[in-house]
Amino acid sequence: METGLDNMPLAQSNMSAMHKKMSVLIHQDGLSFFIYSSKGIENRILKSFKHESNPIEILQEIENIYETEVNLNQQFEEVTLIYNHPIFTGVPSSIYDEQHQSDYLKYNVRLLETDVISTDDAIEVLDYKTVYIAYTNINNYFFDKYGDFNYYHYSTLALQKHYSRNDLSKSEVIIDIKESQFYITIFEKGNLKLHNSYPHQAAEDILYYTLFTAQHNQLDPENMALKIIASAKNDAVYDLLYTYVREVNYVIDSNTYIEDILCV
């Protein structure tokens with residue numbers, strides 16, 4: 001009887017742990033770990049890098065975090081990796097051919113012989129597939145630690161979220177701002193016209209690429225709606241964009257919006 005009572009809290013604790021999930025956002029500027037359950041996010045572990053890092057350096061940082069963060073050293077019901085980097089391209093799923101994966105990427109990025117090309121499941125409503133590089137060393141690390149897990153490119157999850165909130169009655173430009181890059185997505189009455197990533201170091205970079213892509217997609221800044229998604233509001237970015245675009249709005253619940261993308 002005594003032994004049974006002693007083991008019960010541990011068993012309950014393990015049961016609770018197994019119902020938790022973890023998503024890991026992997027990018028060149030840092031790492032974000034989200035531990036969550038049906039009750040919501042329970043832990044956020046954020047790590048910023050001093051400079052943009054390569055896959056070897058990122059894995060070293062992951063190993064260091066696992067040595068110090070006890071919350072990561074538990075079993076999870078589900079583990080998801082999300083790659084947030086510019087080594088991707090979008091392909092219409094209606095013409096996608098697996099045998100040409102490298103051809104889709106080779107004009108956008110420099111491919112190495114060791115690179116493994118991945119493709120997420122199609123977003124059928126948008127006729128879109130994301131083709132990208134998933135870092136083999138990082139995938140192997142998480143497989144050794146947890147066994148099977150899911151992984152995606154950030155674009156796939158973000159586009160699904162954007163579309164679910166898209167206003168089908170008008171043209172809409174969405175800029176999703178990260179540390180050193182930002183994504184631009186253009187919908188025209190529910191149809192995906194463009195999705196791409198651009199580097200930025202200043203507000204002027206965001207303005208330039210936003211107006212450039214709008215012009216090349218025949219959008220009039222006087223009539224289009226511009227939506228900004230960012231973890232924190234930046235008045236310089238807003239003021240500069242508002243100088244040239246009539247309708248500019250920050251997503252009010254930006255942090256929840258982003259976490260909904262990540263915690264799949």
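Scope of the values below: all heavy atoms of this structure, side chains included, with no hydrogens, waters or symmetry mates.
When the shell of 6.0 Å around CZ of R165 is examined, it contains more than 12 heavy atoms from other residues, nucleotides or ligands. Heavy atoms of other residues, nucleotides or ligands lying less than 6.0 angstrom from CD1 of I252 number 12 at most. Counting non-hydrogen atoms of other residues, nucleotides and ligands closer than 6.0 Å to CD of Q201 gives a total of 12 or fewer. Heavy atoms of other residues, nucleotides or ligands lying less than 6.0 angstrom from NZ of K189 number 12 at most.
T210 places a side-chain N or O within 3.5 Å of a backbone atom of I206 that can act as its donor or acceptor partner. In this structure a side-chain-to-backbone donor-acceptor pair under 3.5 Å is present from N54 to I56. Proximity of a side-chain donor or acceptor of Y250 to a complementary backbone N or O of A232 within less than 3.5 Å is not detected. Between the S53 side chain and the H51 main chain, a donor and an acceptor come within less than 3.5 Å of each other. Looking at D253, its side chain never comes within 3.5 Å of a backbone N or O of T256 through a donor-acceptor pair. For the pair D205 (side chain) and A202 (backbone), a donor-acceptor distance under 3.5 Å is present.
Between H153 and F88, the two ring planes are tilted [angle within 30° to 60°]. Ring geometry, H216 versus F212: the interplanar angle falls from 30° to 60°, so the pair is classed tilted. Ring pair Y238/Y242 is parallel by interplanar angle, where below 30° counts as parallel and above 60° as perpendicular. Aromatic ring orientation, Y141 versus Y66: perpendicular (interplanar angle above 60°, classes split at 30° and 60°). Ring geometry for F182 against Y198 counts as tilted: the plane angle lies between 30° and 60°, on a 0 to 90° scale.
M224 and L168 sit in two unconnected hydrophobic clusters of ILVMFWY residues. Membership requires side-chain heavy atoms under 4.5 Å apart, directly or through other members. Residues I228 and L194 fall within the same hydrophobic cluster, defined by Ile, Leu, Val, Met, Phe, Trp and Tyr side chains chained together at heavy-atom separations under 4.5 Å. Under the 4.5 Å side-chain heavy-atom criterion for Ile, Leu, Val, Met, Phe, Trp and Tyr, V251 and L240 are members of distinct hydrophobic clusters. No continuous path of ILVMFWY side-chain contacts below 4.5 Å connects L192 to I175, so the two sit in separate hydrophobic clusters. Under a hydrophobic-cluster definition in which Ile, Leu, Val, Met, Phe, Trp and Tyr are linked whenever side-chain heavy atoms come within less than 4.5 Å, directly or via other members, L241 and Y183 are assigned to different clusters.
Across I82 and S23, no two heavy atoms sit closer than the pair CD1-CB, 4.4 Å. The shortest heavy-atom contact between Y154 and D176 is OH-OD2, 2.6 Å. Scanning both residues, Y128 and H195, for their nearest heavy atoms gives OH-CD2, 3.5 Å. Closest heavy-atom contact between Y244 and P221: O-CB, 3.2 Å. Looking at every heavy atom in both residues, Y36 comes nearest to I41 through CB-CA, 3.7 Å. Looking at every heavy atom in both residues, V173 comes nearest to I184 through CG1-CG2, 4.1 Å.
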- Applying side-chain contact (heavy atoms from CB on, under 4.5 Å), run through I174 and I229 and close with a yes or a no. CA-CA 7 Å; I174 302 167; I229 302 168; 3.6 Å; yes
- Message: For a side chain to side chain donor-acceptor pair (under 3.5 Å) check, start with the C-alpha distance between Q181 and S197, then their side-chain angles and the critical distance, and finish with the verdict.
- Response: CA-CA 7 Å; Q181 68 177 106; S197 169; 2.6 Å; yes
- Task: Report the C-alpha distance between S37 and E42 in whole Å, list the side-chain angles of each, state the deciding distance to 0.1 Å, and finish with yes or no for side chain to side chain donor-acceptor pair (under 3.5 Å).
- Result: CA-CA 7 Å; S37 67; E42 299 181 10; 3.0 Å; yes
- Query: Is there a side chain to side chain donor-acceptor pair (under 3.5 Å) between Y208 and H200 once you walk through the steps?
  - Reply: CA-CA 10 Å; Y208 170 78; H200 73 88; over 6 Å; no
- Message: What verdict does the side chain to side chain donor-acceptor pair (under 3.5 Å) test give for N139 and Y83, after you've listed the backbone C-alpha separation in whole Å, the side-chain angles of each residue and the deciding distance to 0.1 Å?
- Response: CA-CA 11 Å; N139 276 9; Y83 287 100; 2.6 Å; yes
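In summary, K233 and D235 do not engage in a salt bridge, as defined by a charged side-chain N under 4.0 Å from a carboxylate O. Between K129 and D120 there is no salt bridge, since no side-chain nitrogen of the basic residue lies less than 4.0 Å from a carboxylate oxygen of the acidic one. A salt bridge links R44 with E259: the closest approach of a Lys/Arg side-chain nitrogen to an acidic carboxylate oxygen falls below 4.0 angstrom. In this structure, E77 does not pair ionically with K21, as no charged nitrogen and carboxylate oxygen lie closer than 4.0 Å.
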Check: residues 91-98 side-chain donor-acceptor pairs under 3.5 Å, at least two apart:
| unit_1 | atom_1 | unit_2 | atom_2 | d |
| --- | --- | --- | --- | --- |
| S93 | OG | D127 | OD1 | 2.7 |
| S94 | OG | D127 | OD1 | 3.3 |
| S94 | OG | D127 | OD2 | 3.0 |
| Y96 | OH | Q101 | NE2 | 3.1 |
| Y96 | OH | T119 | OG1 | 3.0 |
| D97 | OD1 | Q99 | N | 3.0 |

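If you take NE2 on H27 and CD on E52, they are separated by 11.0 Å, rounding to the nearest 0.5 Å.
Side chains of F49 and E61 form a contact here, defined as non-hydrogen atoms less than 4.5 Å apart. Residues L31 and L46 form no side-chain contact, since every pair of their non-hydrogen atoms from C-beta on lies 4.5 Å or further apart.
Judged by the 6.0 Å and 45° rule, K193 forms no cation-pi pair with F187. Under a cutoff of 6.0 Å and an axis angle of 45°, K161 and Y257 form a cation-pi pair.
Partner of F142 under the side chain to side chain contact (heavy atoms under 4.5 Å, CB included) criterion, chosen from D148, T80, L81: L81.
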